[in-house]
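As the structure is a prediction and not an experimental result, all values here were calculated from the model. Every heavy atom of this structure was used, including side-chain atoms; hydrogens, water molecules and symmetry mates were not.
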Amino acid sequence: MTTDATTDLASMLDGARVLPVLTVPSPGSAGPLADALAAGGARCAEVTFRTPDAEQVLKTMAAHGALTVGAGTVLTPEQAERAVAAGARFVVSPGFDEEVIAKCSELGVPVVPGIASATELMRALRAGLDTVKLFPAEPLGGIPMLRALAAPFPQARFVPTGGIDAPRLSAYLAERAVLAVGGSWMATPAHLQRGEYEEIRRLTAEAVDRSTP
């Protein structure tokens, strides 16, 4: 994997600094969810591979056309292959796994591995990756932890995810090393189970507004 691919991730995000992280319990929610996110101004989304129907959800949302959709919680090379076949434009993993990274390189898609320590960040940089997911960001220490990791590695860019909510968003985005922030508060499984698509649109619009300079 080379840094060219991670540069492509920034191009895919196209300046979008909020990444909705979605766990979608039913594929029937995928179309209305994509509509709500797009109406709220989102330009990208991460569909987690935490449900049996994640591939179908990803396929439906990728076909929507208004969103750049990636796959999250990718744990194995086989999952990465299935995700890309379903339309994922990028892959996010909760941890650093050489086989997942190698498979994404083979498939030609950007991969954002999760890291929780300086050691893991060094491994990612050595693998040619300059963009990583700080996960779980808040339990690890939040912004102080982010700053501690960024200081000796100024070339690294972070997508902090995990425990971040709307009130914390602006503070993370103010950090120079942060490329984007991932969060699930905009569209939770509870929102989807209740069919609260207008609330999803509202929360997404609020997050996008906070992320705009």
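Both I143 and V18 belong to a common hydrophobic cluster when Ile, Leu, Val, Met, Phe, Trp and Tyr are linked at side-chain heavy-atom distances under 4.5 angstrom. Transitive grouping of hydrophobic side chains (ILVMFWY, heavy atoms separated by less than 4.5 Å) brings V109 and V100 into a common cluster. One hydrophobic cluster, built from ILVMFWY side chains closer than 4.5 Å, cannot hold both V208 and L179; they sit in different ones.
For A148, there are no side-chain contact (heavy atoms from CB on, under 4.5 Å) partners at least two apart in sequence or on another chain. Residues that satisfy the side-chain contact (heavy atoms from CB on, under 4.5 Å) test with P136, not counting sequence neighbours, are P139, L140. Annotation: side chain to side chain donor-acceptor pair (under 3.5 Å) contacts of Q56 (sequence neighbours excluded): T60. For T188, the side chain to side chain donor-acceptor pair (under 3.5 Å) test picks out H191, with sequence neighbours left out. The side-chain contact (heavy atoms from CB on, under 4.5 Å) search around A39 returns R201, not counting sequence neighbours.
Applying the salt bridge (Lys or Arg N to Asp or Glu O under 4.0 Å) test to residues at least two apart or on different chains, the pairs with a partner in residues 135-155 are E138-R168, R147-E175. Listed by first and then second residue, the side-chain hydrogen bond (donor to acceptor under 3.5 Å, both in side chains) pairs involving residues 109-127 are E98-R123 (not counting sequence neighbours). Note on residues 22-44: no pairs pass salt bridge (Lys or Arg N to Asp or Glu O under 4.0 Å), not counting sequence neighbours. Counting only residues at least two apart or on different chains, the side-chain hydrogen bond (donor to acceptor under 3.5 Å, both in side chains) pairs with a member in residues 68-77 are R50-T73. Listed by first and then second residue, the side-chain hydrogen bond (donor to acceptor under 3.5 Å, both in side chains) pairs involving residues 14-24 are T23-T48 (not counting sequence neighbours). Annotation: salt bridge (Lys or Arg N to Asp or Glu O under 4.0 Å) contacts involving residues 62-85, sequence neighbours excluded, comprise E55-R82, E78-R82, E81-K103.
You'll find the side chain of V132 reaches within 4.5 Å of the side chain of L121, heavy atoms only. You'll find the side chain of F153 reaches within 4.5 Å of the side chain of L125, heavy atoms only. Side-chain atoms of R202 and E196, non-hydrogen and from C-beta on, never get closer than 4.5 Å to each other. Side-chain contact between Y172 and V181 is present, with heavy atoms from C-beta onward closer than 4.5 Å. Residues L146 and F158 are in side-chain contact: their nearest non-hydrogen atoms beyond the backbone lie under 4.5 Å apart. With a 4.5 Å cut-off on side-chain heavy atoms, L129 and P113 count as touching.
Rounding to the nearest 0.5 angstrom, the gap separating the SG atom in C44 from the CG atom in L19 is 5.0 Å.
Taking both residues in full, the closest heavy atoms of I164 and P160 are given as CD1-O, 3.5 Å, listed atom of the first, atom of the second, then distance. In plain terms, the two heavy atoms of C104 and A80 that are nearest each other are SG-CB, 4.2 Å. The two residues H64 and A38 have their closest heavy-atom pair at CE1-CB, 4.1 Å. Residues A16 and A180 come closest through the heavy atom pair O-CB, 4.1 Å. When all heavy atoms are compared, the tightest approach of A124 to F96 is CA-CE1, 3.4 Å.
The backbone N or O of P25 sits nowhere less than 3.5 Å from a side-chain atom of S29 that would complete a donor-acceptor pair. Without hydrogens or angle criteria, Q79 side chain to L75 main chain gives a donor-acceptor distance under 3.5 Å.
Inspection of the R157 and T131 side chains reveals an N or O donor paired with an N or O acceptor under 3.5 Å.
Chaining together hydrophobic side chains whose heavy atoms lie under 4.5 Å apart places L22 alongside V24, L33, L37, V47, F49, V57, L58, M61, L67, V69, L192, Y197, I200.
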